[in-house]
Amino acid sequence: MSTLLITGGAGFIGANFVAYWRRSRPADRIVILDALTYAGNFDSVAPLCDDHTCKFIRGDICDAAAVQALFRKYDFDVVAHFAAESHVDRSIYASQVFTRTNVQGTHVLLDAALTAWKSSFDGRRFHHISTDEVFGSLGPDATPWTELSRYDPKSPYAASKAASDFLVRSYAHTHGLPVTITNCSNNYGPYQFPEKLIPLMILNAVTGQKLPIYGDGGNIRDWLFVEDHCAAIALVLRQGRLGETYNIGGGRQIPNIEIVGLLCDEIDRRFAENQSMPARFPDCPAANGESTRALMTFVKDRPGHDRRYAICADKLAHELGFRADTNLADGLARTIDWYLANEAWWRRIQNGAHGDWIKLHYGVET
Ligand code: NAD
Ligand code: TYD
């Protein structure tokens, strides 16, 4: 039996990971540490939590005294570090908090692990969840990034994640801290905060709001279904070589305009197949038999918008036998179904304070 500290466990990927780990290793003890920022949502993990096997603690990873106390109290075997400021658009408008959480917060956790584990690193592991955005932006014909590709972050978000990766590596090199790092591509799936492309488009579409496509819509992302990501992290936690970095990708590169089109078509199908949809969502064009694609709107481009991301995940495949196995069509269908079935979850977000930010930025007038 292991005891895991999962930071950011009330966020999108963290909450999916807590659920994944609870299913696959029910005897393990989990402590979730999450500040519940705008992106954190206790609703996402509440059904998984109790006071013994899965404990939720609201706290800030930058609070060194509190983090050290937690390490003394729980004797963690594993740290899975998800907590971060994660949205590129927000890092354009206000980036100081990205440095604080992503760099300083990671540093605090590394120090706490080092202090708590100093008598022996046996059986311990600090796993850092990072992003492919640290590599920058690829040209249309460039080969996908490997673990050896040069770091060239372009947004304040990506720069803060790159800095945190370097700190993690430095603690492995200097102190021998047992670390692993994964750099993954864009995730999508249940519980994603509706400021990111896919949930934003689903919710705008069903509520009849414009679908804001930045620039010419030709920017390419490599989409990874979140459950595949969780499975890959779990594998790296159990079998990944210490000190190593692994890329995780979905193996499906697609321009934004195409993925938004696929979502619209899938939503149209839901309306065609389910007679309750027009009554639930009367403002969606599909409620009147029109195509949801009519809501697609080109808007001013994001400053410094990375053109293309693509991941080479061969190392993970060759060393640990992992390949993401959810195809994009299935993953999108499951994601749409989840948002349709969990309206209360996203309505609470839209009606809360952060709904204003979403409306202001994605509402959309240009
Ligand atoms: P998210 O924004 O949905 O969740 C982040 C969580 O961290 C929230 O629950 C938030 O409350 C918590 N948090 C923020 N600041 C904190 C602090 N100071 N102390 C404690 N908790 C704090 O993010 P996500 O999409 O779930 O991403 C998780 C990790 O995966 C991040 O490290 C991110 O960089 C990385 N990542 C995400 C993607 C993606 O597509 N979402 C892709 C690659 C990498
Ligand atoms: P996003 O989900 O913010 O992830 P990231 O910037 O980390 O890749 O955006 C994914 C892509 O979708 C990115 O190219 C920006 C684009 N995008 C839009 O075109 N419109 C939007 O409203 C949003 C949020 C993103």
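Just so it is clear, the model here is predicted, and its values are computed rather than measured. Remember, it's 1-based here, ligands and their atoms both numbered in the order they're listed.
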Fill in: Full working for side chain to side chain contact (heavy atoms under 4.5 Å, CB included) between W223 and I198
CA-CA 10 Å; W223 291 99; I198 288 179; 3.8 Å; yes
Quick one: table the atom pairs, ligand 2 N or O against protein N or O, below 3.5 Å, distance rounded to 0.1 Å.
residue, atom, partner, partner atom, Å
ligand 2, 2 (O), L197, N, 2.9
ligand 2, 3 (O), R302, NH2, 2.9
ligand 2, 4 (O), N186, ND2, 3.3
ligand 2, 6 (O), R302, NH1, 2.5
ligand 2, 6 (O), R302, NH2, 3.2
ligand 2, 7 (O), E133, OE2, 2.5
ligand 2, 8 (O), N186, ND2, 2.8
ligand 2, 8 (O), R221, NE, 2.7
ligand 2, 12 (O), N256, ND2, 3.4
ligand 2, 14 (O), R221, NH2, 3.2
ligand 2, 14 (O), N256, ND2, 2.9
ligand 2, 14 (O), H305, NE2, 2.7
ligand 2, 19 (O), Y214, N, 2.9
ligand 2, 20 (N), P212, O, 2.7
ligand 2, 22 (O), P212, O, 3.4

Could you establish whether [X] and ligand 1 come within less than 4.0 Å of each other, counting only heavy atoms on the residue side?
X	value
G59	yes
L36	yes
F193	no
A15	no
Y188	no
G105	no

[X] and ligand 1 - part of the residue with a heavy-atom distance under 4.0 Å:
X	answer
Y157	side chain
T101	side chain
K161	side chain

Hey, is R29 close enough to D75 for a salt bridge, meaning N to O under 4.0 Å?
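Judged by the 4.0 Å cut-off on N to carboxylate O distance, R29 and D75 do not form a salt bridge.
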- Message: Between R221 and D306 (salt bridge meaning N to carboxylate O under 4.0 Å), is one present in this structure?
- Response: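 Answer for the salt bridge query: no.
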Residue pairs, two or more places apart or on separate chains, that pass salt bridge (Lys or Arg N to Asp or Glu O under 4.0 Å) and touch residues 273-292: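 Residue pairs with at least one partner in residues 273-292: R280-E343.
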